[in-house]
> 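I am attaching a structure below and will ask some questions about it afterwards.
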Number of protein chains: 2
Amino acid sequence: MSSANSLAVEDLGSAAQRDRRKRILDATIALASQGGFDAVQMRGVAEQADVALGTLYRYFPSKIHLLVSALQREFERSEAALRDRPSDGDTAADRVINSLKRTTRGMQSDPQLTEALTRAFMFADGTVAAEIHQVGMLLTTMLTKAMYPEGHDQLTEEDVAIARVIGDVWLSALVGWVTGRSTAAETGQQIEVAVRLLLRD
Amino acid sequence: MSSANSLAVEDLGSAAQRDRRKRILDATIALASQGGFDAVQMRGVAEQADVALGTLYRYFPSKIHLLVSALQREFERSEAALRDRPSDGDTAADRVINSLKRTTRGMQSDPQLTEALTRAFMFADGTVAAEIHQVGMLLTTMLTKAMYPEGHDQLTEEDVAIARVIGDVWLSALVGWVTGRSTAAETGQQIEVAVRLLLRD
DNA sequence: AGCCAAAGTGGAACGTGTTCCTATTTTAGA
DNA sequence: TCTAAAATAGGAACACGTTCCACTTTGGCT
């Protein structure tokens, strides 16, 4: 730990380090928004974040780590937005569909960024397991909260399994859209069909 | 078309061209089996296939195209095997689970190859849409045949939707396994749970 | 204040996917 | 059989992710 009296699980280091990390992720997202995965070039990120290339690699050991970390930050924002203003609807299916469509719409409003982050996520190998796991947890949380907006003492195994399946379909649909294999409308349709199959109240 | 009396939809060219193509895909699969995605290096494939680098790129415009084409060929073999000897079982769910587990087991017996092909598939962009679509069709065919082994006059939209969702989950599970985020057992479990949720007879 | 380890800088260098070019070989058609 | 076009060989060159190194700056401790 960098400071003896810190109790945080994640040690984010000094203020200067937090600042560098933020600048790097900001630069990453700016470049990704502009030109997608290919436009995120390590030399470019370093320059735009005003950091040496070696420093960039000290913070993020690969381009994939960098992009998945950016995804994590963005996703946390989405989840927070959903927490602030949950989707309403009469049935669990409606609420889940609404939540996913809102999130999807948000991502589709910045296609290049979404392309960059999604490609990185799908390409990530075992060395990025920690970050990937974080994102998966966020997604599951998001979905089960939509299923049980009041909160629930304990989720059944089936609840979690359903959330996981929905998450898988959502990711596949997103990949299809990102890689230009399906339209935004088809993506929405795909998600809706899957959710209605899985959550027939 | 290269020959006036060919009626095939896919023009495979002269015998020499078919042979080159086969050699290239053989070399690709050999290298992938041995060392996975990273071991498939374009110079190495060219050398092992006894073909110039430029020729390799004439046949397959990128490493991703190359690997997805290899996946397609392998997948056609799997589908044919399943067609020859369909999985039996009392319910649609049982047959689908058996089919997927057989296929999955086959892939898991060559982890490096599977890693290479799966990563390529997930990373593919719109320029590979044609090949990707082929693979998707094969998968859907495989699943609907397991659902209705006797054949069916016409599949309902729901049938196709279910097959698609199952395919998505299967791919996600495979990616999880390939990237070292889940074990073979978890992968099988994940598929089984999804199928039973979707196909409750 | 002075010291030392850690962090950062700047940039060279390497590997691999991809492009490009010229010379040679193969193939199809007159 | 001869010729023009297409395909292939062989390899240089380029781009970008990644590694490495020598040097400088920063920050905490005595």
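Convention: sequence-line order gives letters A, B, ...; per-chain numbering from 1.
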> With a cut-off of 6.0 Å (strictly less than), are more than 12 heavy atoms of other residues, nucleotides or ligands near CZ of A:Arg95?
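Atom CZ in A:Arg95 is crowded, with more than 12 foreign heavy atoms closer than 6.0 Å.
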> If you check the B:Gln41 side chain, which of C:dG8, D:dG17, C:dT16 turns out closest?
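For B:Gln41, the side-chain atoms sit closest to C:dT16.
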> Can you tell me the distance, in whole Å, between the CD atom of A:Glu47 and the P atom of C:dG10?
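Atom-to-atom, A:Glu47 to C:dG10, this comes out as 11 Å.
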> Classify the side chain of B:Arg43 and the base of C:dT18 as holding, or not holding, a donor-acceptor pair under 3.5 Å.
yes
> Counting side-chain heavy atoms from CB outward, which of D:dT18, C:dA7, D:dA7 is closest to A:Leu53?
D:dT18
> Can you tell me which nucleotide in D:dG17, D:dA9, C:dT27 comes closest to the side chain of A:Tyr57?
D:dG17
> If we ignore hydrogens and angles and just use 3.5 Å, is the side chain of B:Lys145 paired with the main-chain N or O of B:Arg83 as donor and acceptor?
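Absent.
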> Rounded to the Å, how far apart are A:Phe60 CZ and D:dT18 P?
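My rounded result for the distance is 13 Å.
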> Using heavy atoms to find the nearest nucleotide of DNA chain D for B:Gly54 and A:Val40 separately, return the residue whose nucleotide is more 5′.
B:Gly54
> Counting side-chain heavy atoms from C-beta on, which of C:dG17, C:dG8, C:dT9 comes nearest to A:Arg58?
C:dG8
> Check every strand shown and say whether B:Val45 touches a base, only sugar-phosphate, or nothing at a heavy-atom separation below 4.0 Å.
nothing
> In this structure, how many angstroms lie between the C1' atom of C:dT18 and the CG atom of B:Leu66, rounded?
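In whole Å, C:dT18 C1' lies 13 Å from B:Leu66 CG.
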> Side chain of B:Ala52 only, please: which of D:dA9, C:dG8, D:dA7 is the nearest?
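The nucleotide sitting nearest to the side chain is D:dA9.
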> Are there more than 12 heavy atoms of other residues, nucleotides or ligands under 6.0 Å from atom CD of B:Glu158?
no
> Nearest-Å distance, CZ (B:Phe123) to P (C:dT16)?
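Rounded to whole Å, this separation is 17 Å.
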> Between C:dA7 and A:Tyr59, is there an OP1 or OP2 to side-chain N/O distance shorter than 4.0 Å?
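It does not, given that no N or O in the side chain of A:Tyr59 lies less than 4.0 Å from OP1 or OP2 of C:dA7.
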> Strictly under 6.0 Å, is that where the ring centroids of B:Phe75 and B:Phe121 end up?
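For B:Phe75 and B:Phe121, the ring centres are not under 6.0 Å apart.
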> I want to check one thing: is the phosphate of D:dA7, taken as OP1 and OP2, less than 4.0 Å away from some side-chain N or O of B:Thr55?
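B:Thr55 to D:dA7 OP1/OP2: no side-chain N or O under 4.0 Å.
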